[in-house]
Amino acid sequence: MSQDERSTRHAARMVRKKAHIDTAIAAAQEERGLLIVLTGNGKGKSSSAFGMVARALGHGMKVGVVQFIKARSDTGEEAFLGKDAEWHVTGEGFTWDTQNRERDRAAAARGWAVAARMLADPGYRLVVLDELTYLLNDAYLDPATVLDALAHRPAGQHVVITGRAAPAVLTALADTVSVIADEKHAFRAGVKAQPGVDF
Ligand code: ATP
Ligand code: MG
């Protein structure tokens with residue numbers, strides 16, 4: 001095929017592609033708050049959620065973040081985004097670290113109280129519930145209570161939930177679900193958590 005023929009075919013293909021994409025964009029006209037679930041075993045769930053925090057703040061939106069498992073308050077995301085977003089670290093660390101079910105249950109309840117307040121307040125345009133899935137799976141929180149609060153939140157409010165193994169009841173309610181696969185992770189090659197990348 002000559003260079004000219006190749007260019008003509010490419011141009012025709014792009015016209016068809018543009019028509020297809022323009023039709024899809026024209027069909028998506030609804031505007032409402034979304035429930036987004038970021039799950040899977042690969043790296044990138046919380047950092048994606050914090051990317052949306054940055055976007056929302058850039059639009060002048062009020063943002064709330066609740067970190068359910070993490071106990072540390074020395075993360076780059078909190079230092080930077082916590083200046084503008086309302087940031088709560090309510091966790092006690094992973095259950096295999098705390099080894100204390102009552103303490104974990106109390107921490108979960110504390111975090112949920114903050115989250116429930118945000119989910120009832122239309123002033124919050126984006127709410128991030130980081131690592132919430134673990135508390136649903138380990139029955140630290142009642143899934144029915146959580147699902148009810150999500151389903152009845154203000155119509156314009158976006159919610160992002162992160163954590164591995166999102167339960168089916170949650171993904172069924174969600175508008176967008178991304179499952180991040182774990183193909184490779186530097187930790188398994190002996191690299192410790194790196195500031196700026198992992199926290
Ligand atoms: P990140 O906060 O980097 O987006 P994440 O939210 O997807 O990660 P978590 O399960 O919350 O993943 O784990 C947070 C920490 O564990 C980060 O330091 C991350 O790099 C690391 N991590 C995530 N996935 C893996 C994995 N598959 N193997 C080893 N470490 C991981
Ligand atoms: Mg995470």
Side-chain angles (χ1 to χ4, degrees), residues 28-39 44-93 102-178 199:
Q29 285 299 329
E30 204 181 332
E31 277 200 66
R32 62 180 166 85
L34 299 173
L35 176 59
I36 298 165
V37 173
L38 305 173
T39 190
K45 300 175 289 293
S46 298
S47 37
S48 167
F50 300 142
M52 283 180 263
V53 170
R55 284 181 168 169
L57 291 174
H59 286 287
M61 297 173 171
K62 180 172 171 177
V63 178
V65 176
V66 185
Q67 293 197 281
F68 281 92
I69 300 288
K70 223 148 277 168
R72 64 193 304 173
S73 252
D74 61 346
T75 62
E77 56 265 27
E78 186 177 353
F80 190 70
L81 299 168
K83 294 197 292 275
D84 296 306
E86 185 184 324
W87 207 282
H88 299 265
V89 176
T90 63
E92 295 269 15
E102 278 324 301
R103 213 172 107 192
D104 291 340
R105 191 183 291 283
R110 250 191 340 267
W112 178 249
V114 177
R117 173 175 61 74
M118 291 175 173
L119 294 174
D121 181 349
Y124 293 91
R125 299 287 309 284
L126 172 67
V127 176
V128 173
L129 306 177
D130 190 37
E131 325 292 351
L132 179 75
T133 58
Y134 302 101
L135 304 177
L136 297 173
N137 290 332
D138 293 345
Y140 287 108
L141 292 177
D142 172 33
T145 304
V146 172
L147 290 174
D148 187 67
L150 289 170
H152 295 105
R153 75 188 191 281
Q157 184 182 77
H158 302 301
V159 176
V160 182
I161 294 177
T162 80
R164 295 180 189 201
V169 284
L170 182 62
T171 55
L173 185 67
D175 298 287
T176 296
V177 179
S178 292
F199 64 91

Value rounded to 0.5 Å, distance of [atom1] in [X] from [atom2] in [Y]:
X	Y	atom1	atom2	value
Gln67	Asp130	CD	CG	5.0 Å
Asp121	Arg153	CG	CZ	13.5 Å
Ser178	Leu38	OG	CG	5.5 Å
Leu147	Leu136	CG	CG	7.0 Å
His59	Arg125	NE2	CZ	10.0 Å
Asn137	Leu170	CG	CG	9.0 Å

Test log, rule side chain to side chain contact (heavy atoms under 4.5 Å, CB included), inputs Ile36 and Met52: CA-CA 11 Å; Ile36 298 165; Met52 283 180 263; 4.0 Å; yes
For [Y], is there any backbone N or O sitting under 3.5 Å from a side-chain donor or acceptor partner on [X]?
X	Y	result
Thr133	Arg164	yes
Thr39	Val177	no
Arg103	Ala107	no
Gln157	Tyr124	yes
His158	Gly33	no
Asp138	Tyr140	no

Side chain to side chain contact (heavy atoms under 4.5 Å, CB included) assessment of Val37 paired with Thr176: CA-CA 6 Å; Val37 173; Thr176 296; over 6 Å; no
Arg72 to Phe199 six-membered ring, cation-pi geometry met (6.0 Å, 45°): yes
Can you name the nearest heavy-atom pair linking [X] to [Y], along with the distance?
X	Y	result
Phe68	Ala108	CE2-O, 4.2 Å
Ala149	Leu119	CB-CD1, 4.0 Å
Gly163	Tyr134	CA-CE1, 3.8 Å
Ala120	Pro154	C-CG, 4.4 Å

More than 12 heavy atoms of other groups within 6.0 Å of Arg110 CZ: yes
Side chain to side chain contact (heavy atoms under 4.5 Å, CB included) between Asp84 and Val63, intermediate numbers included: CA-CA 8 Å; Asp84 296 306; Val63 178; over 6 Å; no
Derivation of the salt bridge (Lys or Arg N to Asp or Glu O under 4.0 Å) call for Asp175 and Arg32: CA-CA 10 Å; Asp175 298 287; Arg32 62 180 166 85; 2.9 Å; yes
Derivation of the salt bridge (Lys or Arg N to Asp or Glu O under 4.0 Å) call for Lys70 and Glu78: CA-CA 12 Å; Lys70 223 148 277 168; Glu78 186 177 353; over 6 Å; no
Aromatic contact, Phe50 with Trp87 (centres under 6.0 Å): yes
Working for side chain to side chain contact (heavy atoms under 4.5 Å, CB included), residues Val66 and Met118: CA-CA 10 Å; Val66 185; Met118 291 175 173; 4.1 Å; yes
Note, Leu132 side chain near Ile69 side chain (heavy atom, < 4.5 Å): no
Donor on one side chain, acceptor on other, Ser46 and Glu131, under 3.5 Å: yes
